[in-house]
> 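Next up is a structure, given as C-alpha coordinates.
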Amino acid sequence: MMGAMLDLRAEARAARPDLPALEHLYRDVRETWYGRMVNEYASAAVFVGLAEQLRGAGLGEELALECESFAEEERHHGILCGAVVEAAGGEALAPQPVREPFPYHHEVEPLEALLRNLISVSCLSETAAVALIGAERLRMPEGSLRQLLTRIYGDEVGHARFGWQLVSRLLPTVAPAMRERLSDYLALAFAHFETYELAHLPERYTPPAEGDALGLCSGSVARELLYQTVETVMVPGLARLGLDAERAWKLRHQAARAAGPIR
Ligand SMILES: [Fe+2]
Ligand SMILES: [Fe+2]
(Lines give C-alpha, C1' and ligand atoms only; values in the text may rest on other atoms or scores of the structure.)
(Ligands and ions follow the chains in the order given, each with its own letter.)
Protein backbone atom coordinates (compact mmCIF):
# COMPACT_ATOMS: atom_id res chain seq x y z
CA MET A 1 0.00 0.00 0.00
CA MET A 2 1.25 3.46 -0.82
CA GLY A 3 1.75 5.90 2.04
CA ALA A 4 0.12 9.32 2.09
CA MET A 5 1.17 11.41 -0.88
CA LEU A 6 1.58 15.11 -1.41
CA ASP A 7 -0.15 15.49 -4.76
CA LEU A 8 0.19 18.99 -6.21
CA ARG A 9 -0.03 17.89 -9.86
CA ALA A 10 -3.26 19.60 -10.89
CA GLU A 11 -2.43 22.99 -9.37
CA ALA A 12 1.21 22.79 -10.44
CA ARG A 13 0.33 21.96 -14.06
CA ALA A 14 -1.95 24.97 -14.22
CA ALA A 15 0.93 27.23 -13.14
CA ARG A 16 3.74 25.85 -15.35
CA PRO A 17 6.24 28.54 -16.40
CA ASP A 18 7.88 28.57 -19.84
CA LEU A 19 11.39 27.27 -19.35
CA PRO A 20 14.31 28.14 -21.61
CA ALA A 21 15.00 25.22 -23.98
CA LEU A 22 17.99 23.84 -22.09
CA GLU A 23 16.74 20.25 -22.05
CA HIS A 24 20.14 18.85 -21.09
CA LEU A 25 19.63 20.52 -17.67
CA TYR A 26 16.03 19.44 -17.09
CA ARG A 27 17.03 16.46 -14.98
CA ASP A 28 18.81 18.83 -12.59
CA VAL A 29 15.84 21.18 -12.73
CA ARG A 30 13.46 18.39 -11.72
CA GLU A 31 15.68 17.34 -8.86
CA THR A 32 16.35 20.86 -7.52
CA TRP A 33 12.79 22.14 -7.76
CA TYR A 34 11.31 18.90 -6.44
CA GLY A 35 13.35 19.35 -3.26
CA ARG A 36 12.17 22.94 -3.02
CA MET A 37 8.56 21.90 -3.58
CA VAL A 38 8.69 19.50 -0.64
CA ASN A 39 10.54 21.93 1.68
CA GLU A 40 8.32 24.88 0.86
CA TYR A 41 5.12 22.94 1.31
CA ALA A 42 6.28 21.39 4.56
CA SER A 43 7.37 24.75 5.97
CA ALA A 44 3.70 25.80 6.18
CA ALA A 45 3.53 23.82 9.44
CA VAL A 46 6.01 26.21 11.05
CA PHE A 47 3.68 29.17 10.61
CA VAL A 48 0.69 27.20 11.82
CA GLY A 49 2.68 26.52 15.00
CA LEU A 50 3.79 30.14 15.30
CA ALA A 51 0.18 31.33 14.95
CA GLU A 52 -0.82 29.04 17.79
CA GLN A 53 2.04 30.37 19.94
CA LEU A 54 1.04 33.98 19.20
CA ARG A 55 -2.47 33.23 20.45
CA GLY A 56 -1.04 31.42 23.48
CA ALA A 57 1.15 34.40 24.34
CA GLY A 58 -1.90 36.68 24.10
CA LEU A 59 -0.44 38.85 21.37
CA GLY A 60 -3.61 39.34 19.46
CA GLU A 61 -5.58 37.66 16.75
CA GLU A 62 -4.28 39.91 14.00
CA LEU A 63 -0.69 38.67 14.23
CA ALA A 64 -1.87 35.06 14.42
CA LEU A 65 -3.95 35.51 11.27
CA GLU A 66 -0.98 37.06 9.51
CA CYS A 67 1.06 33.96 10.38
CA GLU A 68 -1.67 31.74 9.02
CA SER A 69 -1.56 33.67 5.77
CA PHE A 70 2.18 32.92 5.66
CA ALA A 71 1.38 29.22 6.00
CA GLU A 72 -0.88 29.57 2.98
CA GLU A 73 1.92 31.32 1.08
CA GLU A 74 4.33 28.47 1.84
CA ARG A 75 1.83 25.96 0.44
CA HIS A 76 1.54 28.15 -2.63
CA HIS A 77 5.36 28.19 -2.95
CA GLY A 78 5.20 24.39 -2.90
CA ILE A 79 2.79 24.51 -5.85
CA LEU A 80 4.93 27.05 -7.72
CA CYS A 81 8.06 24.91 -7.29
CA GLY A 82 6.01 21.90 -8.37
CA ALA A 83 5.03 23.90 -11.45
CA VAL A 84 8.71 24.10 -12.42
CA VAL A 85 9.06 20.33 -11.89
CA GLU A 86 6.10 19.79 -14.22
CA ALA A 87 7.46 22.24 -16.79
CA ALA A 88 10.70 20.22 -16.89
CA GLY A 89 8.81 16.99 -17.53
CA GLY A 90 8.47 15.74 -13.95
CA GLU A 91 5.55 15.21 -11.61
CA ALA A 92 4.58 17.37 -8.65
CA LEU A 93 3.96 14.29 -6.56
CA ALA A 94 5.95 13.26 -3.50
CA PRO A 95 5.64 11.15 -0.39
CA GLN A 96 4.01 13.26 2.32
CA PRO A 97 6.99 15.01 3.96
CA VAL A 98 7.82 13.88 7.46
CA ARG A 99 8.68 16.93 9.50
CA GLU A 100 10.01 17.05 12.97
CA PRO A 101 7.26 18.26 15.32
CA PHE A 102 6.99 22.02 15.85
CA PRO A 103 9.08 22.96 18.91
CA TYR A 104 6.60 24.53 21.32
CA HIS A 105 9.27 24.85 24.04
CA HIS A 106 6.79 24.18 26.83
CA GLU A 107 9.67 24.21 29.33
CA VAL A 108 9.72 28.04 29.22
CA GLU A 109 6.96 30.63 29.48
CA PRO A 110 4.86 31.37 26.37
CA LEU A 111 6.57 34.69 25.50
CA GLU A 112 10.05 33.20 25.72
CA ALA A 113 8.98 30.15 23.70
CA LEU A 114 7.50 32.43 21.06
CA LEU A 115 10.66 34.55 20.90
CA ARG A 116 12.79 31.44 20.43
CA ASN A 117 10.76 30.43 17.41
CA LEU A 118 10.44 33.90 15.91
CA ILE A 119 14.22 34.22 16.05
CA SER A 120 14.86 30.81 14.58
CA VAL A 121 12.15 30.98 11.90
CA SER A 122 12.22 34.61 10.75
CA CYS A 123 15.62 35.97 11.78
CA LEU A 124 17.52 32.84 10.67
CA SER A 125 15.68 30.58 8.18
CA GLU A 126 13.53 33.12 6.37
CA THR A 127 16.36 35.66 6.30
CA ALA A 128 18.59 33.05 4.66
CA ALA A 129 15.81 32.35 2.15
CA VAL A 130 15.66 36.04 1.26
CA ALA A 131 19.42 36.15 0.63
CA LEU A 132 19.63 32.90 -1.35
CA ILE A 133 16.49 33.41 -3.44
CA GLY A 134 17.33 37.09 -3.94
CA ALA A 135 20.76 36.22 -5.35
CA GLU A 136 19.32 33.51 -7.57
CA ARG A 137 16.70 35.92 -8.86
CA LEU A 138 19.30 38.55 -9.77
CA ARG A 139 21.19 35.99 -11.86
CA MET A 140 18.05 34.94 -13.72
CA PRO A 141 17.08 36.59 -17.01
CA GLU A 142 13.61 38.15 -17.38
CA GLY A 143 10.88 35.65 -18.13
CA SER A 144 8.15 33.57 -16.57
CA LEU A 145 10.47 31.61 -14.27
CA ARG A 146 11.86 34.84 -12.89
CA GLN A 147 8.30 36.08 -12.33
CA LEU A 148 7.56 32.92 -10.38
CA LEU A 149 10.69 33.37 -8.29
CA THR A 150 9.89 37.05 -7.71
CA ARG A 151 6.55 36.03 -6.23
CA ILE A 152 8.26 33.62 -3.82
CA TYR A 153 10.97 36.14 -3.00
CA GLY A 154 8.47 38.86 -2.11
CA ASP A 155 6.66 36.54 0.28
CA GLU A 156 9.91 35.44 1.96
CA VAL A 157 10.78 39.09 2.57
CA GLY A 158 7.45 39.41 4.38
CA HIS A 159 8.10 36.26 6.47
CA ALA A 160 11.51 37.53 7.55
CA ARG A 161 10.36 41.09 8.21
CA PHE A 162 7.43 39.92 10.34
CA GLY A 163 9.76 38.24 12.83
CA TRP A 164 12.43 40.94 12.86
CA GLN A 165 9.80 43.58 13.59
CA LEU A 166 8.05 41.59 16.27
CA VAL A 167 11.28 40.53 17.98
CA SER A 168 12.51 44.13 17.98
CA ARG A 169 9.24 45.19 19.57
CA LEU A 170 9.16 42.45 22.21
CA LEU A 171 12.79 42.02 23.19
CA PRO A 172 13.25 45.42 24.89
CA THR A 173 10.31 44.61 27.18
CA VAL A 174 11.72 41.35 28.60
CA ALA A 175 13.79 40.89 31.76
CA PRO A 176 17.59 40.79 31.26
CA ALA A 177 17.64 37.18 32.48
CA MET A 178 15.33 36.15 29.65
CA ARG A 179 17.52 37.94 27.13
CA GLU A 180 20.49 36.00 28.44
CA ARG A 181 18.65 32.70 28.15
CA LEU A 182 17.63 33.65 24.62
CA SER A 183 21.28 34.35 23.76
CA ASP A 184 22.11 30.84 24.98
CA TYR A 185 19.26 29.43 22.95
CA LEU A 186 20.51 31.34 19.89
CA ALA A 187 23.74 29.31 19.89
CA LEU A 188 21.68 26.13 19.53
CA ALA A 189 19.40 27.71 16.95
CA PHE A 190 22.44 28.72 14.88
CA ALA A 191 23.80 25.16 15.06
CA HIS A 192 20.48 23.68 13.96
CA PHE A 193 20.09 26.26 11.21
CA GLU A 194 23.59 25.66 9.84
CA THR A 195 23.11 21.88 9.75
CA TYR A 196 19.76 22.19 7.98
CA GLU A 197 20.93 24.72 5.40
CA LEU A 198 24.16 22.92 4.53
CA ALA A 199 22.22 19.68 4.04
CA HIS A 200 20.23 21.47 1.32
CA LEU A 201 23.22 23.08 -0.40
CA PRO A 202 25.42 20.25 -1.72
CA GLU A 203 28.95 21.56 -1.83
CA ARG A 204 30.03 19.67 -4.91
CA TYR A 205 27.11 20.65 -7.11
CA THR A 206 28.30 23.09 -9.81
CA PRO A 207 25.91 23.62 -12.72
CA PRO A 208 27.07 25.19 -15.99
CA ALA A 209 26.64 28.97 -16.30
CA GLU A 210 23.41 28.65 -18.31
CA GLY A 211 21.88 26.96 -15.26
CA ASP A 212 21.26 30.46 -13.88
CA ALA A 213 18.29 30.71 -16.23
CA LEU A 214 16.74 27.67 -14.53
CA GLY A 215 17.46 28.51 -10.91
CA LEU A 216 20.33 26.03 -10.61
CA CYS A 217 22.98 27.39 -8.28
CA SER A 218 26.40 26.28 -7.29
CA GLY A 219 26.39 24.78 -3.80
CA SER A 220 29.67 26.37 -2.80
CA VAL A 221 28.61 29.85 -3.96
CA ALA A 222 25.34 29.50 -2.05
CA ARG A 223 27.20 28.35 1.06
CA GLU A 224 29.46 31.36 0.91
CA LEU A 225 26.46 33.65 0.65
CA LEU A 226 24.85 31.86 3.58
CA TYR A 227 27.86 32.57 5.82
CA GLN A 228 28.03 36.17 4.63
CA THR A 229 24.38 36.59 5.55
CA VAL A 230 25.02 35.23 9.04
CA GLU A 231 27.95 37.55 9.56
CA THR A 232 26.61 40.73 7.98
CA VAL A 233 22.86 40.49 8.64
CA MET A 234 21.89 38.01 11.35
CA VAL A 235 24.66 38.49 13.91
CA PRO A 236 24.74 42.33 13.80
CA GLY A 237 20.93 42.51 13.55
CA LEU A 238 20.36 40.31 16.59
CA ALA A 239 23.17 42.05 18.50
CA ARG A 240 21.43 45.38 17.91
CA LEU A 241 18.34 43.91 19.54
CA GLY A 242 20.32 43.08 22.68
CA LEU A 243 21.29 39.44 22.13
CA ASP A 244 24.85 38.22 22.44
CA ALA A 245 24.74 37.02 18.86
CA GLU A 246 28.45 37.06 18.14
CA ARG A 247 29.14 34.75 21.04
CA ALA A 248 26.20 32.55 20.09
CA TRP A 249 27.52 32.10 16.55
CA LYS A 250 31.02 31.37 17.84
CA LEU A 251 29.82 28.83 20.41
CA ARG A 252 27.22 27.10 18.22
CA HIS A 253 29.08 23.80 17.83
CA GLN A 254 29.90 23.66 21.50
CA ALA A 255 26.27 24.38 22.40
CA ALA A 256 25.05 21.67 20.03
CA ARG A 257 27.46 19.12 21.51
CA ALA A 258 26.36 19.99 25.03
CA ALA A 259 22.69 19.67 24.05
CA GLY A 260 23.17 16.27 22.42
CA PRO A 261 21.83 15.36 18.99
CA ILE A 262 19.67 18.09 17.48
CA ARG A 263 16.19 16.74 18.06
FE1 LIG B 1 8.60 29.85 1.03
FE1 LIG C 1 8.96 31.64 3.95
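All of these numbers come straight from a predicted model, not from anything done at the bench.
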> Taking atom CD of E61 as the centre, report whether more than 12 heavy atoms of other residues, nucleotides or ligands fall under 6.0 Å from it.
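Correct, the count exceeds 12.
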> Which class fits the ring pair H200 and Y196: parallel under 30°, tilted 30 to 60°, perpendicular over 60°?
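Taking Y196 first and then H200, their aromatic rings sit tilted (interplane angle of 30° to 60°).
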> Distance from I79 atom CD1 to E86 atom CD, nearest 0.5 Å?
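Reported value, rounded in 0.5 Å steps: 11.5 Å.
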> Can you tell me how far CZ of R181 sits from CG of L243, rounded to the nearest 0.5 angstrom?
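Going from the CG atom of L243 to the CZ atom of R181 covers 12.5 Å.
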> Holding to side-chain contact (heavy atoms from CB on, under 4.5 Å), I want the full list of residues that pass it with E109, two or more places apart in sequence or in another chain.
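Here the qualifying residues are L111, E112, M178.
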> Whether the side chain of T32 engages the backbone of V29 through a donor-acceptor N/O pair (distance < 3.5 Å, no angle test) should be reported.
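Pair absent, no side-chain N/O of T32 close to backbone of V29.
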> Decide yes or no for E231 and W249: does some side-chain heavy atom of the first lie under 4.5 Å from some side-chain heavy atom of the second?
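SC-SC contact between E231 and W249 confirmed.
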> Please report the closest heavy-atom contact between R30 and G89, naming both atoms and the distance.
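Looks like CD-C, 3.8 Å.
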> Tell me the closest heavy-atom pair linking A92 and A12, and the distance in Å.
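Heavy atoms only, the tightest pair is CB-CB, 3.7 Å.
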> Tabulate below the donor-acceptor pairs under 3.5 Å that side-chain atoms of residues 16-26 make, not counting sequence neighbours, or state none.
unit_1	atom_1	unit_2	atom_2	d
R16	NE	R13	O	3.1
H24	NE2	E210	OE2	2.9
Y26	OH	P20	O	2.8

> Are R151 and E40 within salt-bridge range, i.e. N to O under 4.0 Å?
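Looking at R151 and E40, the cut-off is not met.
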> Quick one: pull up CG in L186 and CG in L124 and give me the separation to the nearest 0.5 Å.
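With rounding to 0.5 Å, CG (L186) is 6.5 Å from CG (L124).
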> Are any non-hydrogen side-chain atoms of H76 and E72 less than 4.5 angstrom apart?
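The answer is no; the side chains never approach within 4.5 Å.
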> Taking it one step at a time, do Y104 and E52 satisfy side chain to side chain contact (heavy atoms under 4.5 Å, CB included)?
CA-CA 9 Å; Y104 284 100; E52 200 178 316; 3.0 Å; yes
> Under 4.0 Å between a Lys/Arg side-chain N and an Asp/Glu carboxylate O for E91 and R9?
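So E91 pairs with R9 through a salt bridge.
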> Could you state whether L132 and M140 fall into the same hydrophobic cluster, counting links through intermediate Ile, Leu, Val, Met, Phe, Trp or Tyr residues with side-chain heavy atoms under 4.5 angstrom apart?
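L132 does not cluster with M140.
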> Give a yes or no on whether E66 atom CD has more than 12 heavy-atom contacts from other residues, nucleotides or ligands under 6.0 Å away.
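More than 12 within 6.0 Å, yes.
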> When you look at CZ of R247, are more than 12 heavy atoms from neighbouring residues, nucleotides or ligands closer to it than 6.0 Å?
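Atom CZ in R247 is not packed in, count stays at 12 or less.
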> Working to the nearest 0.5 angstrom, can you tell me the gap between E197 CD and T229 OG1?
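Rounded to the nearest 0.5 Å, the CD-OG1 separation comes out at 9.5 Å.
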> Can you name the closest pair of heavy atoms from L145 and G215 and give their distance?
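In terms of heavy atoms, the two residues are closest at CD2-N, 4.3 Å.
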> Going hydrophobic residue to hydrophobic residue with side-chain gaps under 4.5 angstrom, can you get from Y185 over to L251?
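No, because Y185 and L251 fall into different hydrophobic clusters, even though each may have its own neighbours under 4.5 Å.
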> Are L188 and F102 linked, directly or through other ILVMFWY residues, by side chains that come within less than 4.5 angstrom of each other?
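In one cluster: no.
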> Answer yes or no for R161 and W164: cation-pi contact, defined as NZ/CZ to six-membered ring centre under 6.0 Å and angle to ring axis within 45°.
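No, a cation-pi geometry is absent between R161 and W164.
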> Find out whether E156 and Y153 are in side-chain contact, i.e. whether some heavy atom of one side chain is under 4.5 Å from a heavy atom of the other.
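No, their side chains stay 4.5 Å or more apart.
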> Is Q228 atom CD crowded by more than 12 heavy atoms from other residues, nucleotides or ligands, each under 6.0 Å away?
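Correct, the count exceeds 12.
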> Of all heavy-atom pairs between P110 and G56, which one has the smallest distance, and what is that distance?
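Answer, listing the atom of P110 first, then G56: CB-O, 4.1 Å.
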> To the nearest 0.5 Å, tell me how far L149 CG sits from C81 SG.
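Spacing of CG (L149) from SG (C81) equals 8.0 Å.
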> For the residue pair V233 and V130, establish whether any side-chain heavy-atom pair is separated by less than 4.5 Å.
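A side-chain contact is absent here, since even the closest heavy-atom pair is not under 4.5 Å.
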> Closest heavy-atom contact between A71 and V48?
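Taking every non-hydrogen atom into account, CB-CG2, 3.9 Å.
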> Are any of the side-chain heavy atoms of L59 and R169 separated by less than 4.5 Å?
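Heavy-atom side-chain distance check passes, below 4.5 Å.
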> Measure the acute angle between the ring planes of F70 and F162, then classify it against the limits of 30° and 60° as parallel, tilted or perpendicular.
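Answer is perpendicular, since the angle exceeds 60°.
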> Would you check if the side chain of E74 reaches a backbone N or O of Y41 as a donor-acceptor pair within less than 3.5 Å?
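Between the backbone of Y41 and the side chain of E74 there is no qualifying donor-acceptor contact (under 3.5 Å).
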> Measuring from L214:CG to E136:CD, what's the distance to the nearest 0.5 Å?
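Reported value, rounded in 0.5 Å steps: 10.0 Å.
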> With distance as the sole test, does S122 use its side chain to make a donor-acceptor pair with the main-chain N or O of H159 at under 3.5 Å?
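Yes.
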> With the threshold set at 4.0 Å, does a side-chain nitrogen-carboxylate oxygen contact exist between E11 and R75?
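No salt bridge links E11 with R75.
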> Under a 3.5 Å distance rule, please check whether R223 uses its side chain to pair with a backbone N or O of L198 as donor and acceptor.
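Present.
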> Verify the cluster assignment for L182 and L50: are they in a single hydrophobic cluster under the rule of side-chain heavy atoms below 4.5 Å apart?
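Hydrophobic grouping puts L182 with L50.
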> Kindly indicate whether the side chain of C217, heavy atoms from C-beta on, has any atom under 4.5 Å from the side chain of R139.
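In contact.
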> With the side chain counted from C-beta on, respond yes when L54 and L166 share a heavy-atom pair under 4.5 Å apart, and no when they do not.
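The answer is yes; the side chains approach within 4.5 Å.
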> Check the side chains of Q53 and H105 for a donor-acceptor pair under 3.5 angstrom, ignoring hydrogens and angles.
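Distance-only check fails for H105 and Q53.
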> How close do L241 and V167 get, heavy atom to heavy atom, and via which atoms?
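Closest pair (atom of L241, atom of V167, distance): CD1-CG1, 3.8 Å.
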> Check whether L170 and V108 end up in the same hydrophobic cluster, where Ile, Leu, Val, Met, Phe, Trp and Tyr are linked by side-chain heavy atoms less than 4.5 Å apart.
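In one cluster with L170: V108, no.
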> Report yes if some heavy atom in the side chain of Y205 is under 4.5 Å from a heavy atom in the side chain of E31; otherwise report no.
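Contact flag for Y205/E31 side chains = no.
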